[in-house]
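Since the structure comes first, as structure tokens, the remarks are kept for the end.
Model, not experiment: these values are computed from the prediction. Numbers restart at 1 for each chain; the letters A, B, ... are given by sequence-line order, proteins then strands.
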Amino acid sequence: MLQQTQASRVAERFESFVGRFPDARTMAAAGENVVVAAWEGLGYYRRARLLYAAAVRICDVHDGEVPSSTEALLALPGIGRYTAGSIASIAFDCRTPIVDGNVIRVVARLEAIDAAADDPALVKRCWETADALVGAAKSPGVLNESLMELGATVCTPRLPSCDRCPVQTCCAAFRSGRAASMPRPKSRPARRIVHLYPVVLRRDDRVLLRQRPLRGIWAGLWELPSVESADPLEVPAIASGLGFKVDDLRQVETFKRLLTHREVHFHVYEASTRIRRGHWCDRVVSAELAMAKPMRSLVDRRVWASDWPGG
DNA sequence: AAACCGGGGAT
DNA sequence: ATCCCAGGTTT
């Protein structure tokens, strides 16, 4: 859950999530869909599917117990070198290094390496330094956590608090007055613009939902039936792009959401249809299906708002 | 090696 | 508006 997600954001969700899935057996028994639904709003939903897959494998291969060796952890889905090292060192006291975004920043400054934060040579050097530090530490877990905590609270990206840094005297970047400019920002491609045309279709006290493709953005999550396009679409193109017949297609709302890699323009329509096939969901089912954050807000606002029969 | 995958906080 | 976040998998 902490992968690419700020700890403060995880803290809001951790207790309820672990309360719901207290061990691997419980998670494996719950099923992937339930785990992904519990993940809703956290983003990078593949993590939830991989976590579920790891739970299944822990039950099948490790008798339901999280393995304690770095190698066995690394073999689990969704667990890479960082996560394996974190679990091994913090939970099991193994002398295993970790490198996350915080550690990269701390080491780049300690050693005054003027490179981009995602530069492979810098990252390699960070693993070597982290390995040396954890090798000399009294407690591997405490050392690893302290490196990350230093990066999160003192050695911050924009304006590091060098005046209250416990390792100021060891820091080459501080000595040369360049801490704030190291490491250099990662190069990031511009956001791709996507136009999304979700259509609200109601029947009785239900709404038609469907599952998104298993690849791409919001893979496998549920949505109002939608047409996706790199360019704006006219009404006929939206109607034909849905894959089933609709009538009286009319626009009701537009808004925009920024993601790291996308700028998504929502063009919300309502329509009527005589189609009866598909997942016509009442309010309870709608609430149980995993949706992306903007889609959830849209459905709750447009469909389940209090002034219509289903609400 | 590069691309892909959310959502929100901090500045 | 920009940069980043206790990254991993796929191509």
Below 4.0 angstrom, which residues in [range] have at least one non-hydrogen atom near DNA chain B?
| range | result |
| --- | --- |
| residues 256-266 of chain A | A:L259, A:T260, A:H261, A:R262 |
| residues 33-46 of chain A | A:G41, A:L42, A:G43, A:Y44, A:Y45, A:R46 |
| residues 5-19 of chain A | A:T5, A:Q6, A:R9 |

With a 4.0 Å cut-off on heavy atoms, is [X] in touch with a base, just the backbone sugar-phosphate, or nothing at all?
| X | value |
| --- | --- |
| A:G151 | nothing |
| A:P294 | sugar-phosphate |
| A:T156 | nothing |
| A:R192 | sugar-phosphate |
| A:R105 | sugar-phosphate |

Contact boundaries on DNA chain B for chain A, cut-off under 4.0 Å to non-hydrogen atoms
B:dC4 to B:dG9

Can you see if the side chain of A:Q3 gets near the phosphate of C:dG7 - specifically, an N or O under 4.0 Å from OP1 or OP2?
no

Tell me which of A:N144 and A:R215 sits closer to the 5' end of DNA chain C, going by the nucleotide each one is nearest to.
A:N144

Toward the 5' end of DNA chain C, which comes first, A:A117 or A:P77, by nearest nucleotide?
A:A117

To the nearest Å, give me how far apart [atom1] ([X]) and [atom2] ([N]) are.
| X | N | atom1 | atom2 | value |
| --- | --- | --- | --- | --- |
| A:W127 | C:dG8 | CH2 | C1' | 12 Å |
| A:I79 | C:dA6 | CD1 | C1' | 14 Å |
| A:R47 | C:dA6 | CZ | P | 12 Å |
| A:Q4 | C:dG7 | CD | P | 5 Å |

Does any pair with a residue in residues 102-129 of chain A pass side chain to side chain donor-acceptor pair (under 3.5 Å), and if so which ones, sequence neighbours excluded?
A:D100-A:N102, A:N102-A:R105, A:E111-A:R125, A:E111-A:T129, A:D114-A:R184, A:K124-A:E128, A:R125-A:E128

Which donor-acceptor pairs under 3.5 Å do side chains of residues 286-295 of chain A form with protein atoms, sequence neighbours excluded?
| from | atom 1 | to | atom 2 | distance (Å) |
| --- | --- | --- | --- | --- |
| A:S286 | OG | A:W304 | NE1 | 3.0 |

Crowded around A:Q251 CD? As in, over 12 foreign heavy atoms under 6.0 Å?
yes

Could you check whether A:R47 and A:T5, counting side-chain N and O atoms only, form a donor-acceptor pair closer than 3.5 Å?
yes

For the residue pair A:N144 / A:S89, report whether a side-chain donor-acceptor contact shorter than 3.5 Å exists.
yes

Report yes if a donor N or O on one partner sits less than 3.5 Å from an acceptor N or O on the other, where the partners are the side chain of A:R158 and the base of C:dT2; otherwise report no.
yes

With a distance cut-off below 6.0 Å to the six-membered ring centre and an angular limit of 45° from the axis, does A:R301 pair with A:F266 as a cation-pi contact?
no

If you take the centroid of each ring, where Trp contributes its six-membered ring, are A:Y44 and A:W39 closer together than 6.0 Å?
no

Donor-acceptor check, side chain of A:Y197 to backbone of A:L233, threshold 3.5 angstrom: yes or no?
yes

Say whether A:F21 and A:V56 are linked into one hydrophobic cluster, either directly or through other cluster members, by side-chain heavy-atom distances under 4.5 angstrom.
yes

